[in-house]
Each structure stands twice: as C-alpha cells, then as structure tokens.
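Notes for the one structure printed next.
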Protein chains: 2
Amino acid sequence: MGNAELTKPNQSWAPVRANSVANQIVMQVREALFNGKFQPGDLLGSEKDLAAQFDVSRITVRDALRTLETMGIIEIRVGAGGGARIAEGNLDYFSDALAVQFKLAGVTEREILDLQVAIEGTGAELAALNRSRENLEELSELLGEAENVMDSSADFTDAGQQFHLAIIEASGNRALIAQFRALRYVVWPQNAQRATREIAENAQKIHHQLYAYIEAQDSEAARKLMIDHLVSIRAVAFSGTAADDATGVICC
Amino acid sequence: MGNAELTKPNQSWAPVRANSVANQIVMQVREALFNGKFQPGDLLGSEKDLAAQFDVSRITVRDALRTLETMGIIEIRVGAGGGARIAEGNLDYFSDALAVQFKLAGVTEREILDLQVAIEGTGAELAALNRSRENLEELSELLGEAENVMDSSADFTDAGQQFHLAIIEASGNRALIAQFRALRYVVWPQNAQRATREIAENAQKIHHQLYAYIEAQDSEAARKLMIDHLVSIRAVAFSGTAADDATGVICC
DNA sequence: TTTGTTTTAATTGTTATATCATTATACAAA
DNA sequence: TTTGTATAATGATATAACAATTAAAACAAA
C-alpha cells in the first residue's frame with residue numbers, strides 16, 4: 001500500500017488481456033513480418049506443419065491463421081501445395097475495416113467529407129507535381145468518355161468518380177490511393193445520387209480545368225480547385241433535404 | 001460453341017470463389033450491422049447458441065467469430081454471461097490494419113509523410129475553426145509541460161507528439177483523429193529519434209505560434225504553419241543519412 | 001446494510017479424431 | 001498437344017471431451 005504509482009489519479013490502465021495461445025502465435029508472425037523476416041509470398045506452412053512447429057492443436061493454429069488472414073497478413077489456399085502464405089498487400093481489405101470502424105464509431109458524413117477534402121486536395125497537388133505522360137493520357141481519355149455520357153446521370157457519375165481516382169493515382173502516392181479508395185467505399189451511398197445535365201456540365205468544366213492545371217504542373221491551383229470542387233459538392237449535399245432542392249444532387 | 005459472349009477476346013471473368021460457411025456467417029453479421037440492425041453492445045450469443053442458430057458446428061462458428069473479432073465488429077468475452085457482442089468502435093485496431101497493409105504494399109516513408117501533411121494540415125485548419133475552451137486549455141497545458149522538458153530529447157519528443165495529437169482532437173473530426181493515430185503508429189520508428197536543444201526550441205516556438213492561430217481561429221494561417229512545420233521536419237528527415245548530419249533529427 | 005468469500009454455472013480455450021471438399025501434380029490416353 | 005484420371009496434400013467442417021476463465025449467485029461476517 002502507499003504505492004505512489006497506484007494512487008496517481010490520472011493513471012489510465014492498459015487493458016489486461018490474457019493472451020491466448022492463438023494470439024501469441026498471431027503476435028509472433030506479426031512481429032516477424034515487421035522485422036523484415038518475411039516477404040510477400042513466403043510460405044508459412046500448412047495447418048498440420050504449424051501445429052507441429054508451435055506444438056499446439058490444429059484448431060488453435062486455425063484460430064491464429066483466421067486472425068492473420070483477416071488482418072491481411074496471410075493468404076490461405078486449400079488443396080495440395082496449399083497452406084498459409086504471406087499476403088501481397090491488399091488495400092481493399094483495409095477499406096472494409098475502415099468502413100466498419102467508422103460505422104461503429106458513429107463518424108458522421110460531414111467528418112468523412114472533411115477527410116476526403118484533405119486527401120483529394122493533396123492528391124491533386126501531388127498529381128500536378130508527379131503526373132506522367134501516361135497519367136495525362138488516361139485523364140484525357142476519361143474526360144472524353146464523360147463527354148459522351150453527359151445525359152446519363154448514372155454513367156456520368158461513374159465517369160466522374162473514375163476521373164477523381166485517376167487524379168489520385170497520378171499522384172503516385174499509394175498511401176493516398178489507399179485512403180481515397182477506402183473513403184469512396186465508405187461514402188458510396190451518398191455519391192450514388194443522380195446529377196442533372198446542368199450539374200454534369202459544370203462538373204465537366206471543372207474537371208477540364210483540373211486537367212489543365214495538372215498538365216501545367218500548377219500544384220497550388222490544382223489543389224485549390226479540387227478543394228473548391230469538393231466543398232461545393234458538399235455544400236449542395238448538405239444544403240437541405242432532397243425535397244428542398246431537386247437539382248441539388250451531387251455527381252462525383 | 002459459337003457463343004459470342006464466350007469468344008469475346010477481352011472478356012474477363014470474375015473469379016468464382018466458393019464461399020465457406022464461416023464466411024457466409026461473417027457476411028450476414030456484417031450486412032446486418034450496416035443495415036442498422038445492431039448497436040454496439042448488442043449480444044450475438046454464445047458459440048453454442050450461434051452454432052445452433054446457424055445449424056453448423058462450433059468450429060465453424062468460431063472461425064466466423066474470429067474473423068468478425070479481427071475486423072473489430074464484435075468483442076468476445078469468456079465466462080458466464082460472456083459470448084460475442086457488437087463492439088464499440090475501436091480505432092486502434094484499424095491503425096494496426098493500416099500499418100500492416102502499408103508494410104505489405106511497400107508504401108514508402110515519403111508517401112506516408114505526404115499523407116500525414118494532408119491530415120495534419122486539415123486538422124490544424126479545422127481545429128482553428130472548431131476548438132473549444134477545453135481544447136485551448138489542454139493545448140496550453142501541453143505547451144507548458146513541453147517547456148519543462150526542453151533538455152530531455154525523449155520527453156520533449158513525447159510532449160510534442162501529444163501537442164500534435166491534441167490539435168487533431170481539437171478539430172472535432174473523428175475520422176481525422178483515427179487517421180492521425182494510425183499514421184503515428186506507422187511512422188513511430190522515425191519519430192523516435194532525438195531532438196537537440198536547438199531543434200526543440202524551434203519546434204516549441206512554432207507550437208506556440210500554432211496555438212496562437214488556433215486560439216484566434218485563423219484557420220488558413222494554422223494550416224499553412226502546420227504544413228510548413230511538417231515539411232521542414234520531413235526535409236530534415238530526408239536530408240541524408242544520420243551520419244551526414246548529426247543535428248538533423250526530428251522531434252514531433 | 002455492506003462487504004468479503006465461496007460456490008456454481010456458463011462460456012471460451014484447447015485438444016483429439018474423423019470425414020468431406022478442393023486442388024496441384026503426375027501420368028496415361030486420345 | 002490436349003484431355004482425362006488417379007493420387008496425395010490440404011483446408012473445411014463436424015463431433016466429443018476437458019481445461020481455464022469469469023460472472024453471477026449464494027453465503028458469511030462485520
């Protein structure tokens with residue numbers, strides 16, 4: 001008693017979790033990965049092998065493998081020559097985890113959209129700096145495709161989203177790409193709304209201007225325009241109920 | 001034969017995956033969550049209950065529960081009254097998944113730092129707009145604490161990181177908070193380096209100025225200063241090997 | 001009543017064994 | 001070369017059992 005450490009009022013305790021054998025296996029593999037002892041594609045072994053190596057039952061190994069698989073650390077194949085292997089990076093899985101966590105934490109649409117503005121603004125900025133000839137060709141092609149579907153709201157929305165994705169990809173930053181794809185997944189229901197011809201034309205005009213800035217490598221202008229673009233989309237989306245303003249729909 | 005669909009050269013088939021029973025259970029629970037049929041804390045049941053409800057073995061239910069647990073969708077408690085419950089949002093888990101995916105995808109430090117600039121820049125901007133009286137008090141307190149540990153590089157680094165976190169929290173945006181915490185986890189090894197007294201004093205000066213902008217609700221100035229701050233930290237971090245410049249260490 | 005202790009029952013953790021479904025490989029047949 | 005077939009490896013699933021953990025209930029003491 002009288003332990004000063006224990007009586008500190010603001011002491012916050014780390015949750016104590018009895019580490020199961022399965023979790024210990026998970027941690028061992030995870031640590032090995034971060035210590036550079038594994039490369040994507042490396043074979044860990046079959047359930048039987050691993051059960052023998054760790055001296056535990058197959059079920060316990062299965063528990064660990066299921067966790068590692070869900071974390072995206074390993075991939076499991078059945079059949080001869082199958083077993084558990086270190087996975088190639090799979091960012092789709094992360095997107096799903098992000099969506100789940102936002103859902104559980106009750107993160108609002110507005111909060112997510114502010115994050116989207118941050119991601120896409122920086123994406124446009126870096127795209128202007130780093131875009132390759134191939135990036136410009138793809139962006140140009142997507143602009144042309146969008147031009148052909150201006151009257152089909154669903155198709156235009158789709159083309160617009162592809163344009164935004166292509167910009168992020170032109171940034172050459174895989175961290176941004178992952179974030180963008182994750183967010184697109186999360187905000188999908190909102191963006192599935194229809195765009196009128198007028199809105200489509202306005203968006204297309206902005207997209208053309210974005211392309212011009214990126215081609216000219218004017219990163220600051222690209223960033224500012226992208227943010228304005230997203231903020232105006234958001235303003236429309238939050239301007240009231242759909243009934244208030246039938247034309248107040250977003251496109252991309 | 002002669003099926004036009006099948007002979008189309010560019011036809012790409014979606015891979016057909018036999019969905020395991022365990023995965024079907026995972027998807028059912030996941031869909032129910034997104035359809036609003038579950039709230040955090042809701043009891044799913046024990047392994048035995050669920051095995052009976054889904055008419056599968058306990059092993060299969062365990063596989064599904066292990067996956068759902070790793071996704072952060074459920075929490076599992078052992079003992080009487082235990083079982084699987086819908087989890088409260090746990091953003092730490094997401095941080096780990098992000099770190100794993102970046103590791104596997106081979107995302108570079110530079111890419112991650114560009115993302116960090118985007119997140120923290122927007123965080124500072126929103127903090128200036130949304131900061132509460134409590135936020136200002138905490139930021140002020142952290143500045144004072146940092147003042148007392150200027151000569152201890154490790155302590156000052158720690159205090160600086162807490163200051164940055166407090167700014168993000170002042171933004172009131174849980175999506176940004178989640179991203180920041182995730183990134184901090186990922187870039188931890190870099191930031192663990194030591195800061196000299198000179199660097200600490202410079203950082204402290206900038207932090208004081210950041211506080212002033214946030215208090216004055218000057219969002220644009222706060223954003224710009226934060227970005228400059230991070231870019232200069234990054235410039236030092238990438239200026240060469242540690243041997244080249246012993247003072248080129250980062251602090252926060 | 002309040003507090004501390006013991007008991008009990010529920011539940012996950014782990015092991016063992018067995019069968020089924022899936023897959024890669026080797027090899028034979030056309 | 002192409003196609004089919006047998007074989008072995010491997011995960012997926014099921015059943016049964018026991019150990020370890022934990023919450024709740026019952027009980028005792030102050």
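Residue numbers begin at 1 in each chain, while the letters A, B, ... track the order of the sequences. What's counted below: heavy atoms across the whole structure, side chains too, no hydrogens, waters or symmetry copies.
In this structure, CD of B/Glu75 is placed 13 Å from P of D/dA23, rounded to the nearest angstrom. Protein atom CG of A/Asp63 is 10 Å distant from nucleotide atom P of C/dT15, rounded to whole Å. The distance from atom CG of B/Asn19 to atom C1' of D/dA12 is 13 Å, rounded to the nearest whole Å. Between the CZ atom of A/Arg77 and the P atom of C/dT23 there is a distance of 11 Å, rounded to whole Å. Distance CG (B/Asp55) to P (D/dA12): 20 Å, rounded to an integer number of Å. To the nearest angstrom, P of D/dA23 lies 14 Å from CG of B/Leu43. Across the protein-nucleic acid pair, B/Ile74 atom CD1 and C/dT12 atom P stand 10 Å apart, rounded to whole Å. In this structure, NZ of A/Lys48 is placed 17 Å from P of C/dT15, rounded to the nearest angstrom.
Looking only at atom types and distance, the side chain of B/Ser140 has no donor-acceptor partner in the side chain of B/Glu137 under 3.5 Å away. Counting only N and O atoms by type, the side chains of B/Ser57 and B/Thr60 include a donor and acceptor under 3.5 Å apart.
Considering only side-chain atoms of A/Ser57, the nucleotide from D/dA9, D/dT22, C/dT14 that sits closest is C/dT14. Which of D/dT13, C/dT23, C/dT14 sits closest to the side chain of B/Thr60 comes down to D/dT13. When distances run from any side-chain atom of A/Ala80 to the nucleotides C/dT14, D/dA14, D/dA9, the shortest one goes to D/dA9. The side chain of B/Ile76 lies closest to C/dT12 when the candidates are C/dT12, D/dG11, C/dA16.
Checking the phosphate oxygens (OP1, OP2) of C/dG13, a side-chain nitrogen or oxygen of B/Arg66 falls inside 4.0 Å.
Take the nearest nucleotide of DNA chain C for B/Ser46 and for A/Ile59: the residue whose nucleotide is more 5' is B/Ser46. With DNA chain C read from its 5' end, the first of the two nearest nucleotides for A/Arg58 and B/Val78 is the one closest to B/Val78.
Using a 4.0 Å heavy-atom cutoff across all strands shown, B/Arg62 reaches at least one base atom of the nucleic acid.
The distance from atom CZ of A/Arg62 to atom CD of A/Glu47, rounded to the nearest 0.5 Å, is 4.5 Å.
The shortest side-chain heavy-atom distance between B/Leu115 and B/Leu183 falls under the 4.5 Å cut-off.
Between B/Phe163 and B/His207, the ring planes are parallel. Angles under 30° get that label, and only those over 60° would be called perpendicular.
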